[in-house]
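Per chain, numbering begins at 1; letters A, B, ... match sequence-line order.
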Amino acid sequence: MKLMSARKQGKKESNDNFFQNVYEVVKLVPAGRATSYGAIASYLGLKRGARQVGWAMGSSYSVPGIPAHRVVNKEGVLTAKQLFETPTTMQKKLESEGVEVKDDKIQNWNKYFWDPEKELT
DNA sequence: CGGCTGACGAAAA
DNA sequence: CTTTTCGCCAGCC
């Protein structure tokens, strides 16, 4: 018996909603804009759980409907480009949407940055 | 069940 | 300024 992981027996409802939240937020990101893992994490309440956001995305980057290329780290760097079919896919998509990308980084990041807490309120 | 890892991020040294 | 450590939480060995 037992076993099965008693990971946090506590609980909190499973919280798959965390993943669902991430997907929803990412899908809400308008074209020509981008957001950061930390922003999403903070919006969901995981203030320092940016890694989980990225991890969640990793599982979703292959999920259709998730504009993963619009999600970058807080510096505006395309950290996930390596996970795409080609290391340039992500940049191309962003540029296609009107985002300036240079050296794998979004230019005017502050201007393209889309904060769910501010935009969605 | 224990330990390591990971699309990150911020604070501490 | 740079480097290191901690936190967060789920998946995998």
Side-chain angles (χ1 to χ4, degrees):
Chain A
M1 341 272 35
K2 66 204 230 14
L3 327 205
M4 257 223 138
S5 62
R7 9 181 78 95
K8 262 119 187 238
Q9 351 194 307
K11 53 11 41 336
K12 301 179 143 207
E13 31 197 304
S14 345
N15 302 328
D16 291 47
N17 64 8
F18 162 60
F19 286 62
Q20 295 302 315
N21 267 320
V22 174
Y23 302 150
E24 291 299 299
V25 174
V26 174
K27 287 195 281 190
L28 289 172
V29 177
R33 286 280 197 78
T35 189
S36 64
Y37 310 101
I40 296 172
S42 180
Y43 178 66
L44 299 179
L46 293 157
K47 316 181 202 164
R48 288 179 175 169
R51 288 161 78 172
Q52 272 44 257
V53 177
W55 165 82
M57 295 296 293
S59 294
S60 72
Y61 83 93
S62 55
V63 177
I66 307 291
H69 59 278
R70 288 187 200 147
V71 185
V72 294
N73 68 6
K74 92 167 189 221
E75 296 179 87
V77 179
L78 284 57
T79 40
K81 65 172 193 168
Q82 58 183 314
L83 298 179
F84 283 71
E85 299 178 58
T86 67
T88 55
T89 303
M90 191 172 185
Q91 182 173 329
K92 283 194 167 189
K93 287 186 177 185
L94 288 169
E95 293 181 317
S96 182
E97 294 181 347
V99 179
E100 299 176 70
V101 180
K102 177 97 183 215
D103 190 38
D104 299 327
K105 288 194 295 197
I106 296 176
Q107 305 302 295
N108 285 318
W109 174 225
N110 186 51
K111 168 175 139 185
Y112 293 112
F113 182 47
W114 185 80
D115 189 339
E117 292 192 286
K118 292 179 181 177
E119 304 296 331
L120 297 177
T121 356

> Taking only residues two or more places apart in sequence or in another chain, which ones pass side chain to side chain donor-acceptor pair (under 3.5 Å) with Gln91(A)?
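By the side chain to side chain donor-acceptor pair (under 3.5 Å) rule, Gln91(A) matches Glu95(A).
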> In residues 36-55 of chain A, which residues come under 4.0 Å of DNA chain C by heavy atom?
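Leu46(A), Arg48(A), Arg51(A), Gln52(A), Trp55(A), in order of number.
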> Got a sec? Which of residues 84-96 of chain A come in under 4.0 Å of DNA chain B, heavy atoms?
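By residue number: Phe84(A).
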> Applying ring-ring contact (aromatic ring centres under 6.0 Å, His included), can you list everything that pairs with Trp55(A), at least two apart in sequence or on another chain?
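So Trp55(A) forms a ring-ring contact (aromatic ring centres under 6.0 Å, His included) with Phe19(A).
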> Checking one residue: Trp109(A). Which other hydrophobic residues are in its cluster under the side-chain 4.5 Å linking rule?
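Members besides Trp109(A), by chain and number: Val72(A), Leu78(A), Phe84(A), Met90(A), Leu94(A), Val99(A), Val101(A), Ile106(A), Tyr112(A), Phe113(A).
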> Tell me which pairs pass salt bridge (charged side-chain N to carboxylate O under 4.0 Å, His left out) where either residue lies in residues 26-39 of chain A, with sequence neighbours left out.
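Output for this query lists Glu24(A)-Lys27(A).
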> Look at all strands and tell whether Ala56(A) reaches a base, only sugar-phosphate, or nothing, counting heavy atoms closer than 4.0 Å.
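The residue Ala56(A) makes no contact with any strand.
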> Figure out the CG/P separation between Asn21(A) and dC8(C), and round it to whole Å.
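For the pair Asn21(A) CG and dC8(C) P, the rounded distance is 19 Å.
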> Residues in side chain to side chain donor-acceptor pair (under 3.5 Å) with Ser96(A), at least two apart?
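Applying side chain to side chain donor-acceptor pair (under 3.5 Å) to Ser96(A) gives none.
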> Show every salt bridge (charged side-chain N to carboxylate O under 4.0 Å, His left out) that has at least one partner inside residues 39-51 of chain A, sequence neighbours left out.
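Not a single pair qualifies under salt bridge (charged side-chain N to carboxylate O under 4.0 Å, His left out).
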> Please list all pairs passing the salt bridge (charged side-chain N to carboxylate O under 4.0 Å, His left out) test where one or both residues lie in residues 73-89 of chain A, with sequence neighbours left out.
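Of all non-adjacent pairs touching residues 73-89 of chain A, those that pass salt bridge (charged side-chain N to carboxylate O under 4.0 Å, His left out) are Lys81(A)-Asp104(A).
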> Sorted by first residue and then second, give each salt bridge (charged side-chain N to carboxylate O under 4.0 Å, His left out) pair with at least one member in residues 57-70 of chain A; sequence neighbours left out.
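The answer is Arg70(A)-Glu97(A).
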> What distance, rounded to whole Å, do you find between the two P atoms, one in dC4(B) and one in dT5(C)?
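Rounded to whole Å, the distance is 15 Å.
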> What's the spacing between Phe18(A) CZ and Ile40(A) CD1 if we round to 0.5 Å?
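Reported to 0.5 Å precision, the distance equals 9.0 Å.
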> Between C1' on dG11(C) and CE on Met57(A), what's the gap in Å once rounded to a whole number?
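Roughly 17 Å, once rounded to whole Å.
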> Please list, in numerical order, the residues of residues 104-116 of chain A that have a heavy atom closer than 4.0 Å to any atom of DNA chain C.
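Nucleic-acid contacts, sorted: none.
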> Could you pull out all residues at least two apart from Thr89(A) that satisfy side chain to side chain donor-acceptor pair (under 3.5 Å)?
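With neighbours one apart ignored, the set is Thr86(A).
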